[in-house]
Structures are given as structure tokens and as C-alpha cells.
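Worksheet: one structure, shown below.
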Amino acid sequence: MCSTKTIKPSFINANASNDKQITNSGKRPSLIFFVSEDWYFYSHRLPLAKAAQNAGFDVAVITRINDHENIIRQAGIRIIPFELDRGGMNLFTDLSTITKLIHIYKHERPDIIHNVALKPVMYGSIAAKFSGVPHTINALTGLGWLFTSQSLKARVLSRIVIKILRYLLKSSHVILQNKSDVGLVNNWRIPRTYLVEGAGVDTEIYRPSSEPEGIPLVILPARMLWDKGVGDFVQAAKILKNKNVEARFILVGSPDPKNPSSVSQKQLSDWEVEGVVELWGHRTDMPVVFRNIHIVCLPSYREGLPKVLIEACASGRPIVTTDVPGCRDIVSTKFNGLLVPPHNSEALAQALGRLISDQELRQSMGKRGRKLATQKFSQDQIISETLSVYQEALG
């Protein structure tokens, strides 16, 4: 079995000036991120990209342009517009996508390609092989719908994807976010794997605050996907409302039509009309949201390492989540939250009810969560660990 390195902050200073720390050759090495959506790059990878610039890299990102182009460009990151269909697999479309990537890579001639998430990992790795990219970093941020859905299509596709990944990952440096995924990939005998736990959180922006007065507010902050346990959350809210538990249950996020697991807007609206949940939609002010609620809930079926739960910890809020890969790497029962089995709305309702009724328990869990976030998941630490992977790839 192959060993996995748990990267620790080392010789690269993420906050230093642009002083060519990475190399002494006189030429700035080039780093290109391949990320499907600009919003994801902005929320999960922009601080890393800026730190890589400070460490001496020439940095660009290949991504779909939507709402975050200006803020990415203002950070000094060059954008290479690219359309990637996240909605499924089509032989002819996918071949065209890979061919376009090969042309980009041959033109750009990057030293490192950093592919983020399953589809960019697959297509970016194939393109890198055909275009002679020296070093490929593959970040598997969670295995997603293919590995959580029980549908026949998902089961068949997941077997195919695993075979492709086992071949592609052997020649790359693979970053994984939780111990379960490390175990899975190690079984594929991948020689260079690294445990870097998530994208990190800015603990100066996400800070603890006193609970607001009034009825407890419970939020599920995520894309509105069935795989995030949205249906289980709604059912748990119904159970508690039928027991006359006084609380408000709120969905914070929007559907993702490109994802096969997306909840329709009509279904969300029906739940709101029924009076089960409130819809707050997509929010760009999550630090404010956390200050104005009491409990964070994410009953997901599988994750890489959910950034929103790290943000909840940093904000001093207790968490109810599922005992699945990714989620259980952040939350320990009776320490900073409660773990429940996935697909179990009764257990979810019981855990939420316990926190709703116990302010002292909420506050003690919130304090421990804050300490965990600062010690283990700070943005500076995660950035330094990732830059160390780049250093090892170049070295």
C-alpha cells in the first residue's frame, strides 16, 4: 500500500512578497488552475492563487466566466475562459473539451497544472499527458454524485471513472481532503498522495459572536442538492414542528441545475409555501449569516471537507452533520457538534431538537469549534501545506 503524506507548513511563506521563493533559476514557474466555475475558484482557491503569486509563481486559471471575473482579475490572476459541462458525460463533447484543453496547455506551457474536482482532474490529466505538462497536481475535493447516488447510471459510471482515475493519478501529485478518501486512493496504489484538509478559513473574517436573542434559527448552508441532505433536513423540520418545537429552519443556497442531484426551485418554493422552511437563497455575506443564527446543519451523504462547516466552527456555531467522510473529519459528537447517520431524518430531528433546547450546550460546542478551526483549519496553514506540494513537485 502506498503511503500518504500529511503536509505540514514548512519553508514557503504564503504572505511574503513576490521574491521568487519557489525557484532560483531566474524564471518564474507558471501555475495554472483548472476549475469548472469561477465562483468556486473565488470562494475556495483565490487566496491560494494569490499566495502562489507571492511565492514566485506566474498564476492563471482556466474556468467558466460568470459573476466573479472582475474580482479575480483585480487580484492579478489571469483568466483563460473555458466552458466545461458539469452535467454529465458525452463522448463527442468530452473529446472536444479535452482537445481544447490540449491546445491551451501547449500554448501556455505551464510548469504545473492544478486540477480541482473530479471532472477537471480527469480531463485536465488527460490533456496534460498529451501536451507534455511537466507536473500535474490533482485535487479530489470529494467524489460527488457518482459515488453517493444509488442509481444504475451512477453505479456503472463510477466503476468506469475509478478505472480511469487509477491510471491517470499514478503520474500526478494527488491532494485529498479527508482520511476516508486517502484510504480509498491508497488502495489504488497511487505513489504520491497528500492529505491537505480542505481550503481553509480566514479566522479573522469568520469570528465568534454571541448568540442572537429570540427563537433558535437552524440553517442548512449549501447548494440545494438532494445529496446534501436537503430532503432529510426538511423532513426533520416537519418532525420538530409537529412536536411544537419552537425554531426556524432555513435553507441558505441555490439549486445547481448542472448537478444531477439538484433540487428544483419549484420543490423549494413548495416547502416554503407549506411553512416548513424559509428560503434565504444564495448569500455572499456568510459571516453575517453565521452571526445571526444558532445552529448549522449539513446532513450530506459524502463530502471532501465542507468549507461551510469549517466556517461554522470559526464562527463559534455548533453543528449537526452526518457521520460520513468529510463531515466527520470536522465534527466530533459532543465536542463541537452532533453526528447522525445519513438518510435518517428521525435521528437528525432528535439531534437538532437537543441543541435547540440547550443553549449552554450550543455555546460550549461553539467555543470548542472555534478552537479547532484556528488550530487545524486556518487558511494560512492550508495554503502553506499546498504550496509545499508545489515545491515538492518542482523539486
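- For S264, there are no side-chain hydrogen bond (donor to acceptor under 3.5 Å, both in side chains) partners two or more places apart in sequence or in a different chain.
- The ring of Y123 has its center no closer than 6.0 angstrom to the ring center of F34.
- For residues 265-277, the salt bridge (Lys or Arg N to Asp or Glu O under 4.0 Å) pairs, not counting sequence neighbours, are K238-E274, K266-D270.
- Taken from CG in L279 to CE in M224, the straight-line distance is 8.5 Å, to the nearest 0.5 Å.
- For R109, there are no salt bridge (charged side-chain N to carboxylate O under 4.0 Å, His left out) partners two or more places apart in sequence or in a different chain.
- Note on V230 and I293: same hydrophobic cluster, where clusters join Ile, Leu, Val, Met, Phe, Trp and Tyr whose side-chain heavy atoms are under 4.5 Å apart, directly or indirectly.
- Remark: F290 engages no residue in a ring-ring contact (aromatic ring centres under 6.0 Å, His included) (not counting sequence neighbours).
- The shortest distance between side-chain heavy atoms of S171 and T136 does not fall below 4.5 Å.
- A single hydrophobic cluster is seen to contain both V196 and V35, as judged by linkage of ILVMFWY side chains at heavy-atom distances under 4.5 Å, directly or through other members.
- Aromatic ring centres of Y390 and H114 lie closer together than 6.0 Å.
- When all heavy atoms of F130 and K106 are compared, the pair lying nearest together is O-CE, 3.7 Å.
- H343 and Y301 have their aromatic ring centers within a separation under 6.0 angstrom.
- When the side-chain hydrogen bond (donor to acceptor under 3.5 Å, both in side chains) test is applied to Y105, no partner is found at least two apart in sequence or on another chain.
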**OP:** List the steps and the verdict of salt bridge (charged side-chain N to carboxylate O under 4.0 Å, His left out) for K258 and D256.
**Re:** CA-CA 5 Å; K258 290 290 185 178; D256 182 0; over 6 Å; no

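- For R354, the salt bridge (charged side-chain N to carboxylate O under 4.0 Å, His left out) criterion is met by no residue, not counting sequence neighbours.
- Remark: E69 CD is packed, more than 12 non-hydrogen atoms of other residues, nucleotides or ligands lying under 6.0 Å away.
- One finds the CD atom of E197 at 9.5 Å from the CD atom of Q177 (value rounded to the nearest 0.5 Å).
- Under the rule for a side-chain hydrogen bond (donor to acceptor under 3.5 Å, both in side chains), Q350 has no partner lying at least two apart in sequence or in another chain.
- With sequence neighbours excluded, no residue satisfies salt bridge (charged side-chain N to carboxylate O under 4.0 Å, His left out) with E246.
- Residues that satisfy the side-chain hydrogen bond (donor to acceptor under 3.5 Å, both in side chains) test with S180, not counting sequence neighbours, are R328.
- The closest side-chain donor-acceptor pair between N138 and N115 falls under 3.5 angstrom.
- Residues that satisfy the salt bridge (charged side-chain N to carboxylate O under 4.0 Å, His left out) test with R291, not counting sequence neighbours, are absent from this structure.
- Taking the charged nitrogens against the carboxylate oxygens, D58 and K27 have no contact shorter than 4.0 Å, which rules out a salt bridge.
- A ring pair (Phe, Tyr, Trp, His ring centres under 6.0 Å) check over residues 210-257, counting only residues at least two apart or in different chains, returns the pairs W226-W271.
- Rounding to the nearest 0.5 Å places CD of E303 at 11.0 Å from CG of D329.
- No donor-acceptor pair closer than 3.5 Å links the side chain of R207 to the backbone N or O of G316.
- Annotation: ring pair (Phe, Tyr, Trp, His ring centres under 6.0 Å) contacts involving residues 352-383, sequence neighbours excluded, are absent.
- Taking CD1 from I32 and CD1 from I62, the interatomic distance works out to 5.0 Å, rounded to the nearest 0.5 Å.
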